[in-house]
S.K.: 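The structure under discussion is supplied below as structure tokens; questions concerning it will follow.
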Amino acid sequence: MTDETKPTDFIREAVAEDLKTGRFNYVRTRLPPEPNGYLHIGHVKAFMIDYLIAKENKGELILRFDDTNPTKEETEYVDAIIEDARWLGIEWVKITYASDYFDELYEWAKKLVLMGKAYVDDQSPEEVSANRGTFTEPGKNSPYRDRDVEENMDLLERMKNGEFPDGSRVLRAKIDMAHPNLNMRDPVMYRIIHEPPHHRTGSKWKIYPMYDWAHGQNDSMEGITHSLCSLEYRDHRPLYEWFPEQLGVFQPRQIEFARLNLNYTVMSKRKLRRLVEEGRVGGWDDPRMPTLRAMRRRGYPPEAIVEFVMRMGISTTATSNAGVIADIAFLEAVVREQLNKQSLRRMAVLKPLKLVIDNYPDELVEEMDAINNPEDPDAGTRKVPFSKVLYIEQDDFRETPPPKYYRLFPGNEVRLRYAYLVKCTHVVKNDNDEIVEVHATYDPATRGGDAPDGRKVKSTIHWVSASHAKEAEFRLYDRLFTREDPEEGEEGFINCLNPNSLNILNGYVEPLLAQTKPGDRFQFERQGYFCTDQDSTDKKPVFNLTVQLKDTWSKIEKKNKQ
RNA sequence: UGGGGCAUGGUGCAAUGGCAGCACACCGGCCUUUGGAGCCGUGGAUCUUGGUUCGAAUCCAGGUGCCCCAGCCA
């Protein structure tokens, strides 16, 4: 990365400043996912920021699972998160768990109790809530707030030992019940949870730390210098700083930034889960989902996702509850940009229409040379069989052409890519007046696609040889929702599901594609980028549409209709 | 309503007191054996009012709008 393209933003500036002033003499960041769901595109921003800030400063990144609540977390998600993060290319020096520090954290809590800075509160959850006050009214001190240290120590120990039922008591920091920032009104540090067992510590613990207590202290214990998080934690920063101050331990710096979201999709775990559970999509890896596993299956290259997120930039813009909302069109543009450079070109006919070259010899088969990737000469060429009966795309023929239509129609000559110039002579229809065959004649002198007399055609169309082609299934995806902001309203997102978000087509691909394996990516010429799906069989490969090629004709057509 | 945060073309991000720029989208053109890619170009923005200043997107004051916080979630 050159100096000119070196990204700069308020976080990188802050980190550089900290190094310069000596506040820190190294950089260590942490990635703190809670293992309670699959990673989606929104997570990538935080992941990349943490990773790159560390990397750019020759520092370290620690992947630390924030597993402080056994009622929500599962090992299954730990594995999935690691897999997805690796796929993105993120590297860490070690994997840790908040639960690794439960013992030490408990010692620190006792220290706070001994200092008179924390107390066991016997109020019910309802009472705690009622006494917290409101935005405009201060809270009320708990009647148990001034318990003496011995009693607090005893009660805390017994909480830990499981002597009390869930919800009966909590450990709270003693700060200020009248504080204008609600997070400072004696925040809960530990709550009692007997069941279920924790995914790592089993039944050892009956009390579990809250986020505010665990996260910041874990940062401190791990020597994290910069704890980068999303905007909604801004109000927690005073508390984040209060604990280490009291404890006299290493003080990391928290910096907040705006989260990333995409339009035309939903990102909340609960809503995504509903889509899966109600069968609106095929699963968490359905290519229409915004999860990383779905994007992987759809064929998005990880580099493109990373590039997209980086180009979006970092800011503190807070104009929606979802953070910054990126236009899906921008993501697609970046994906196209990557794929254009990398993808092997192939020919595939999604909606077949038979084209018969009447003056082509019945039994002749010619091997045509086709370029694998015009953007990459090293990709070489391949042979594609050509014969008398072909399939072309239904969209590439019109009996009566609209204005500006350059493709095949009676009397018009077009080029069959890498093959010949052909001129349409007539069509054959069935009893329902539907076109079943298009007939044409070819010019034998134009083999390869160029006319010796120098005449030009306005269009080149793709094709496959009917007797050589391989049958294939194509899954065409469109945005999952019809509205830019489907999150609006509780039921709203279900009501604006796009009924055409999946369109399955059966057609043909050139014979070379018989050997494709899941994960292979191609550009099907003039159509889009596709990725071989895991549902493929030897008999019939399945291709997912990653993203369409830009389609100027469809714009013209749309305008024609207006 | 108390506290915290944010306002720059349609969207996202720059400009750190000195000509408001970049990307995507949109529109027009060139080129093309992908109506792809590439290339060229047009239009369009500093929330508002006042102040400081030779000069303000930037600094100050007021206003307006939007986002977050009243979990024993993270």
S.K.: Do A:R526 side-chain and B:G35 base share a donor-acceptor contact under 3.5 Å?
M.R.: no

S.K.: Roughly how far apart, to the nearest Å, are B:G50 and B:G18 at atom C1'?
M.R.: 23 Å

S.K.: Could you tell me how far B:C30 sits from B:A20 if I compare only their C1' atoms? Round to whole Å.
M.R.: 30 Å

S.K.: For A:S124, report the nucleic acid contact type (base, sugar-phosphate, nothing); a contact means any heavy atom under 4.0 Å.
M.R.: base

S.K.: Would you say the base of B:C69 stacks on A:F135 (centre-to-centre below 5.5 Å, plane angle below 30°)?
M.R.: yes

S.K.: Can you tell which of B:C24, B:C72, B:U34 lies closest to the side chain of A:P374?
M.R.: B:U34

S.K.: Verify the contact: side-chain N or O of A:R132 to OP1 or OP2 of B:C72, cut-off strictly under 4.0 Å; return yes or no.
M.R.: yes

S.K.: Under 5.5 Å between ring centres and under 30° between planes: does that hold for A:F330 against the base of B:A23?
M.R.: no

S.K.: Is it the case that B:G3 (base atoms only) and A:D235 (side chain only) share a donor and an acceptor within less than 3.5 Å, ignoring hydrogens and angles?
M.R.: yes

S.K.: Taking the C1' atom of each, how far is B:G21 from B:A15, in whole Å?
M.R.: 7 Å

S.K.: Taking only the P atom of each, what is the distance from B:A74 to B:A37 in whole angstrom?
M.R.: 47 Å

S.K.: Which way is the base of B:G36 turned, syn or anti, if we draw the line at 90° from 0?
M.R.: anti

S.K.: Is there a Watson-Crick or G-U wobble partner for B:A7 with both distances under 3.5 Å, and which nucleotide is it?
M.R.: B:U64

S.K.: Judged by atom type as modelled, is there a donor-acceptor pair below 3.5 Å linking the side chain of A:R64 to the main-chain atoms of A:L31?
M.R.: no

S.K.: What is the distance from atom NE2 of A:H215 to atom CD of A:Q254, rounded to the nearest 0.5 Å?
M.R.: 7.0 Å

S.K.: When you check the phosphate oxygens OP1 and OP2 of B:G28, does a side-chain N or O of A:K559 lie under 4.0 Å from one of them?
M.R.: yes

S.K.: Write down the distance between CE (A:M347) and C1' (B:G36), rounded to a whole number of angstrom.
M.R.: 15 Å

S.K.: Looking only at side-chain atoms of A:V188, point me to the closest of B:C6, B:C72, B:C24.
M.R.: B:C72

S.K.: Tell me yes or no: between the side chains of A:Q123 and A:D121, is some donor less than 3.5 Å from an acceptor?
M.R.: yes

S.K.: Below 4.5 Å, heavy atoms only, C-beta onward: do A:W553 and A:D395 meet side chain to side chain?
M.R.: no

S.K.: C1' atom, B:C27 versus B:U42: distance in rounded Å?
M.R.: 7 Å

S.K.: Phosphate oxygens OP1/OP2 of B:U32: is one of them under 4.0 Å from a side-chain N or O of A:K458?
M.R.: no

S.K.: Above 12 or not: heavy atoms from other molecules or residues under 6.0 Å from NZ of A:K351?
M.R.: no

S.K.: When the P atoms of B:G10 and B:U48 are compared, how many Å lie between them, rounded to an integer?
M.R.: 13 Å

S.K.: Looking at B:A37, I'd like to know if its phosphate oxygens (OP1 or OP2) sit under 4.0 Å from a side-chain N or O belonging to A:K550.
M.R.: yes

S.K.: Look through every strand shown and name the nucleotide pairing with B:U32 as Watson-Crick or G-U wobble, where both distances are under 3.5 Å.
M.R.: none

S.K.: Is any N or O donor-acceptor pair between the side chain of A:Q548 and the base of B:G36 shorter than 3.5 Å?
M.R.: no

S.K.: Is A:Q523 side chain donor-acceptor paired with the B:U34 base, going by distance under 3.5 Å alone?
M.R.: yes

